[in-house]
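Just so we're clear, the structure is a prediction, and the values are computed from it rather than from any experiment.
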Amino acid sequence: MALKRYVVGCFDDEEVLFPAVKKVRNAGYKIQDVYTPFPVHGLDHALGMRETSLHTAGFIYGILGTTTALAGMGWVFTKDWPMNIGGKPNFPLPALIPITFELTVLFSAVGMVMTFCYLCQLAPFVRKHHFHPRATDDLFVMAIECTDRTNVDDLKGFLQSAGAVEVNYQVAESGWWFGRYDVEPKLYREENPVIG
Amino acid sequence: MASNREQFEVSGNMKTWSIGLMGVGILAFIIGFITKGLSSDEHQQAIFWGTLLYNSIFFLLICNASMFFICVTTLAHGGWQVTFRRVPEAISAVVPIFGLIAIFILFFIVFGLNHGDHNLIYHWRIPGNDQIILKKTGFLNPPFFVIWTLLSIGLWSYLGMRMRKLSQESDETSMNPEQGNRWIVRNTVIAALFTVWFGLTVGSTTPWLWLMSIDTHWYSTMYSWYTFASSFVTGMALIALFVIYLKNKGYLEYTNDEHLHDIGKFMFAFSIFWTYLWFSQYMLIWYSNQPEETTYFQPRTKEGVWKGVYYLNLVINFLCPLLILMTKNSKRNYTVMAFMAVLIIFGHWMDFNQMVMASISRDHVTLGWLDFGIAALYVGMLIFFVGKALAKVPLIPKNHPFLKESIIHHT
Amino acid sequence: MAGSKPNQMHLKYESQIREPLVDGNKDYHQITEDIIRPIEAKPSKLWYIGFSISVALLLFGVYSVYRDVTYGIGQWNLNKTIGWGWDITNFVWWVGIGHAGTLISAILLLFRQGWRTGVNRAAEAMTIFAVMCAGQFPIFHMGRVWLAFFIFPYGNTRGPVWVNFDSPLLWDVFAISTYFTVSLLFWYSGLIPDLATVRDRAKTKFRKFFYGTLSFGWTGSTKHWQRHEALSLVLAGLATPLVLSVHTIVSFDFATSVIPGWHTTIFPPYFVAGAIFSGFAMVQTLLIVVRKVLNLQEYITLGHIEAMNKVIVLTGSIVGCAYLTELFMAWYSQNEYEAYAFFYSRANIFSPYGWAYWGMMFCNVVSPQVFWFRKLRRNVVFTFFMSVIVNIGMWFERFVIIVTSIYRDYLPSSWSYYYSPTIWEIGFYLGTFGLFFTCFFLFAKYFPTIAVAEIKYVLKTSGENYKERMDKVEEQKVEEFAHDYAH
C-alpha cells in the first residue's frame, strides 16, 4: 500500500483546536483527521464531515427483525404446524408481540454494531497507524496530508502559530492490516524529531 | 425577535378563537342538555352526563400533568426546561377552574342521577341486591367519593399554586448561587409533596374512583397507571402546542429547536410507554381469558361496536408517534411537532372517550357532535384561561438559577 | 446542528449550584492516570482475598450444580406443589439486579442526568454479570440440562416440532438472550475507546497485545467518534424499551397464568420498578466498595451516591404503591381466591409465610423512606447497609410472589408443607454470587471501572476546578449571556 506523508500537529485544549481547525481549512490544507481522547461535540461539523446515517441502518435492521419474527412465527403456527394452544387463534398476535419486539431490538443492535465496526474498520488484531500515543489520553492530534506542493516546514510553522504544542512529520502507510499488536512494524518513520 | 417580548399579551385573534370555541361549546351544551339531558330516555341522559364526565376529567388531568412535569423536572434537578417553564405553569393554573367544573359534574352524577333503583352512570351508588357491589361500598360510597375528590383536586390546586408562587417570587430579585440553592431546595420540598400526592391520587385511587367504578364489577390494577400515562403524554403535547404558538408569535426568545426536540422526545417516549401499558393490560386479560375481566374488552374489541374507535386510538397514539416522531428532524420541525401534538391530544381524548362511553353505552358508539361540542367548549376555556395566566407574569423566569443552562441547552 | 455557528465552540457551562461530578484539580491526563493506574498496578491484598472467596463460592456452586445435574433436581427441596422455589426466585432476583446498568446508561442518558457518567461503566458490567447468573437458574431447573438447546426454535431432526411461541417462558428465552447480547454490545462498544487508552499507555508486551486486541484498533478519529456517538445514542434508545421489556416478560411468566396473586395487570410496570430498585441497590453495594478500594472518591462522589439514593426512594415508593394497589384490588375485586392469596397467605403475619411478606414490606417500602433525609442519603456507611437491606427485601418479594401463591393449591390435598431449601439449592445460589463477584473482581482489575472518555467529556462543565472559574459567566446578565452564547 501506498505511503503517505503527514504533518501532525498536537493540541492540548479543544478551545485552541477549534480556531486552529478553522484556520487550517481556510488556508486550504486538507485535514486527514483529528484524533481526540473523547468525542468533541461540533468537531465533525467544524471539519466539514457529513452526518452519519448509522441510525437509518439501525432502523432498517430493526424492520428486518420485525418481519423475520412475525413471518417466522406466523409460518410455523399457520402453515407448518398449526396447533390449538389454549383455544387461541392460530395466529395469536398479542402473544407474538414480545418475541417480535425482542427480535426487532436484537437485529437492530447487532446489525448496527457490526456496521459500525465495518465502517470504522474495528476488529480484534486490526493494526492501524497511530499518530500519537497520547491521542487517547490528553492530546488532540490533527493529521494533515501532504501533497506534492506542500511545504512541510511552512505547514509546521503554520500549525505552531495556530497553537499546536507539538508538531512533527510522519510517513505512514494507509489502510489496515491484520497482525499482532506488540510487534513493532515499520509503518512510519519519524523524520524530524519533535519541534518545540 | 430582537425585540424583548417578555410579557405575553393575549392577541385579539386568540381571544376571538377562544370565545368562538366556547360559544360553539355552550351551544352544543345547551342543545345537548335539551335533547339528551332532559330527554325521557335514560340512556340519552347517561350519554349526556357521560360526555361531560370524561371531558371534564380528561382536560383536568392533562392540565394537572403540566404541574407534574414541573415537579418531576424540579426533583430531577432538570435545567433544560427552564426557558419555557412558565408555559406549563400557566397551563397548570387552569387546574382549580377545571377542578371546580369536574367537582360539580362528578357530584351531580353521584347525587343527581339516581333514578329510582339505579344510578345512570355509577352503579355502585345504588347497589340494590348485587352482592359484589355491596361488598365494595367500603370504597365506593358517596362520603368517601366526595371527600377524596375534594382532597385530590384541592391539593393539586393548592400545591400547584405554591409552586407557581415560588416561581414568581424568583422574578423579584436576582439570586447568588447560595440563595439560588436555597430557593431550589424550597422548590424541591413542594415538588416532592406534589409528586407524592400525585402518586396517591392520579397514580392510584382517583382513576379507580372516577372512571373504573363505572364498570363497577370490573377491575384492573393497571388502570390508574394507564390513565396517568395517557394524561401525561397529552400534557406534554399540550405544552408543546403552547410553546410552538408562543414561538410563532415571537415570544420565548431563548427557547429553540433544542428544547422542542426534548419535548418531542417526551412525547415520543411516553407514547411508547402508554402503548406498553396498553399492551400489558390488554394482553394479560386476553391471555388468561377470565370472564370477569374480559367483560371490559367485549364492547371494545372483536364483535364490539367500539372496535373502530378502540383500534383507531391505538393507531393514533402508538403508530403515528412511533413512525413520525422517530427521527431527529421531525422533533425539531415546528409544523410536524404542532401536527403531532394536536394528533396526540385528539387521540388520547378519544381514548378517554372510549374508556368512559363504551362502558356507559356498550351497544352504540356515541362519538358525535356532542363530544366535539363539549371538547370545543373545553378547548376554548383552555385557550382563554391559559392565555390569561400567561399574560400575568413574565414569560421567562429570568432569575432561575438554571436559566443559563437552559439557554445553551443542547440535545 | 441546525442554526448553530459551525465553527464556534459551545460554551462549557453549568450552574454552580450543581455539585461537581469530578472533584479535585483534574485535567485530562490526570483523569487517565487516576482511572487507569489501578489496572497497571499490582492488585492489593484485599483484592486477592475477595477474589479467592469469590472463586471458592463459585467452586461450591459448581459442585452443587454437579450434584443437581448428576442426581436430578430432586436434590432440591422442590415438590409437586411448590415447583418453583429458590431457583426461580433467584432467577428473577438476579434479572432484576441486571437492570440498573442499562437503565443508568440508557434512561438516564435520555433524561440527561449528568451523574451517570461516573457510575455507568461499572453498572453495565454488573448488569452483564447479573444476567449471566440469572440465566443459570432456568437452565439448570430444566433438569436435563444437556437438552437445553431445545428451547430455541431451529429446524430439528424430530419432525416439525416447534417451540411454543405462545408461552411466556419462551418469551423469556428471547428476552434474556437479547438483553444479554445488547447489554454486552452496549457495554463493550463504550469500552473500546477506554481500552485504547489503556493500550496506548501499556508498557509490557503482554498488556500491549491484550489491550491492543481488545481495543479493536481504535484511533480516536473524529469520524469514528461521530459514528460512535450515533451508535451509543441509538443503542440507548433501543435499550430503554428493552430493559422495560425484559422484566415485563419475566412478570408475564406469572401474570399470564390464572394463579391467585400472580394474575394482575400491574405486574409488568411494577416488576420493572422493582428491578430498577434492586439494581440500584446492588450498584450502591458494589460502587461504595470500589470507590474506596480503587481510590475513586473524586469520581464517584457523595453526589453520585445521593442521586442513586434518590432513585432508590423513588422506585421503592413506586413499588410500595404497587403493593398497596395489589392488596386493595384483592379486596376490591371480591374474588375469593385473590383474597385468600393476599389476606390469608401473605398479609397475614400468622400464616406460614406472613413473615416473608412483612419482611418484604419493611425492607422495600418502609426502610427506603429514610432517604427522604439528605443527611442519610449522603452517609456512605448507612447507604451501604441500606443497599443490602433493599436487596434482601427484593429477594423476599420474589419469594413471596412465587411461593405464597402456589403452596396452597386449589385442592387442600395438594397443599404443601413448609418449603425450605436444601444445602445444594443454597449452594447453587451462593455459587452465582461466586460467579458474579469473580467476574466483577476481574473486571475491576483488568478494565477501566469508570468511563474515562465520558468523564473527560464532562470535565470542563462539571469538574470542580472548572466550575470554580465560572463565576464570571454566573454573574453575567441573562441578556448578555444569551447574546454571547445562545445558538
Side-chain angles (χ1 to χ4, degrees), chain A residues 14-15 18 21-22 33-39 41-47 49 52 54-55 58 73 76-77 80-81 85-86 88 92 95-96 98-99 101-103 105-106 108-110 112-113 116-117 119-128 130 133-138 176 180-182, chain C residues 1 4 6-10 27-29 32 153 160-162 164-166 168 170-171 174-175 178 181-182 185-186 189 192-193 196-197 199-201 205 208-209 212-214 216-231 234-235 238 241-242 245 249 252 453-454 456-457:
Chain A
E14 68 268 38
E15 273 144 56
F18 269 89
V21 165
K22 202 173 171 185
D33 215 330
V34 179
Y35 301 91
T36 61
F38 60 89
H41 266 203
L43 185 59
D44 46 347
H45 294 277
L47 288 168
M49 285 175 180
T52 169
L54 206 57
H55 331 79
M73 290 188 291
V76 165
F77 271 179
D80 193 48
W81 199 260
I85 299 164
K88 297 276 188 279
L96 304 183
I99 292 181
F101 171 78
E102 297 300 331
L103 284 194
V105 171
L106 185 68
S108 178
V110 173
M112 268 184 73
V113 170
F116 168 75
C117 287
L119 289 175
C120 300
Q121 302 182 335
L122 297 175
F125 308 113
V126 160
R127 291 235 26 147
K128 286 182 185 172
H130 296 280
R134 273 169 65 198
T136 54
D137 180 8
D138 60 349
W176 56 295
R180 288 200 32 216
Y181 192 80
D182 53 329
Chain C
M1 299 282 94
S4 66
N7 289 337
Q8 192 194 338
M9 259 288 291
H10 296 291
D27 58 22
Y28 294 138
H29 180 66
T32 316
V161 177
W162 291 97
N164 179 4
F165 294 110
D166 281 10
L170 187 77
W171 305 345
F174 279 86
T178 301
T181 315
V182 175
L185 292 175
F186 194 31
S189 64
I192 285 176
T197 308
R199 170 200 70 199
D200 290 344
R201 287 168 52 94
K205 218 171 172 184
K208 273 186 180 165
F209 170 71
T213 308
L214 288 182
F216 285 20
W218 176 263
T219 55
S221 144
T222 307
K223 188 70 199 173
H224 294 183
W225 273 121
Q226 185 202 39
R227 293 195 187 114
H228 190 267
E229 288 270 277
L231 178 74
V234 178
L235 282 184
L238 285 171
L242 179 66
S245 83
I249 289 175
F252 286 164
E454 287 188 50
K456 284 177 188 163
Y457 177 64

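- The greatest number of non-hydrogen atom pairs below 4.5 Å with chain A, out of C/Ile192, C/Leu170, C/Asn164, C/Asp27, is found for C/Asn164.
- Using cut-offs of 30° and 60° on the angle between ring planes, the pair C/Phe165 and A/Phe77 is perpendicular.
- Side-chain contact between C/Tyr28 and A/Pro37 is absent, with no heavy-atom pair separated by less than 4.5 Å.
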Run A/Thr52 and C/Leu231 through side chain to side chain contact (heavy atoms under 4.5 Å, CB included) and show every step you take. CA-CA 10 Å; A/Thr52 169; C/Leu231 178 74; over 6 Å; no
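- Using a 4.5 Å cut-off between heavy atoms, C/Thr181 touches chain A through its side chain atoms alone.
- For the atom pair CD of C/Glu229 and NE2 of A/His41, the computed distance is 4.0 Å after rounding to the nearest 0.5 Å.
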Using the side chain to side chain contact (heavy atoms under 4.5 Å, CB included) rule, take A/Glu102 and C/Ile249 through it: C-alpha gap first, then chi angles, then the decisive distance, then the call. CA-CA 10 Å; A/Glu102 297 300 331; C/Ile249 289 175; 3.4 Å; yes
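- Within the model, atoms CE of A/Met49 and OG of C/Ser221 stand 5.5 Å from one another, a figure rounded to the nearest 0.5 Å.
- For the pair A/Leu122/C/Trp218, a side-chain contact is recorded, criterion being any heavy-atom separation below 4.5 Å from C-beta on.
- Taking the side chain as every heavy atom from C-beta outward, C/Trp162 and A/Met73 never approach each other to under 4.5 Å.
- In this structure a side-chain-to-backbone donor-acceptor pair under 3.5 Å is present from C/Lys456 to A/Asp137.
- Between the C/Trp171 side chain and the A/Ala95 main chain, a donor and an acceptor come within less than 3.5 Å of each other.
- The closest donor-acceptor contact from the side chain of C/Trp225 to the backbone of A/Thr36 lies under 3.5 Å.
- Closest approach of C/Tyr457 to A/Pro39, counting heavy atoms only: CD1-O, 3.3 Å.
- Interatomic distance, OH of A/Tyr35 versus NE2 of C/His224, reported as 7.5 Å (0.5 Å rounding).
- In terms of non-hydrogen atom pairs under 4.5 Å with chain C, the most contact-rich of A/Pro92, A/Gly86, A/Gly58 is A/Pro92.
- None of C/Gln226, C/Lys223, C/Arg227 except one satisfies the side-chain contact (heavy atoms from CB on, under 4.5 Å) rule with A/Cys120; the exception is C/Arg227.
- Scanning all heavy atoms of the two residues, the minimum distance from C/Pro241 to A/Phe101 falls at CB-CZ, 3.6 Å.
- Neither the backbone nor the side chain of C/Pro168 comes within less than 4.5 Å of any heavy atom of chain A.
- With sequence neighbours excluded, the residues forming a side chain to side chain donor-acceptor pair (under 3.5 Å) with A/Thr136 are C/Asp200, listed by chain and number.
- Counting heavy-atom pairs under 4.5 Å between each of A/Leu103, A/Leu54, A/Leu119 and chain C puts A/Leu119 at the top.
- What you find for A/Phe38 and C/Ala453 is that their closest heavy atoms are CB-O, 3.3 Å.
- Residue contact with chain C, scored on non-hydrogen atoms closer than 4.5 Å, involves the backbone and the side chain of A/Leu43 alike.
- The side-chain heavy atoms of A/Val105 and C/Val182, taken from C-beta on, include a pair separated by under 4.5 Å.
- Residue C/Leu242 touches chain A through both its backbone and its side chain, counting heavy-atom pairs closer than 4.5 Å.
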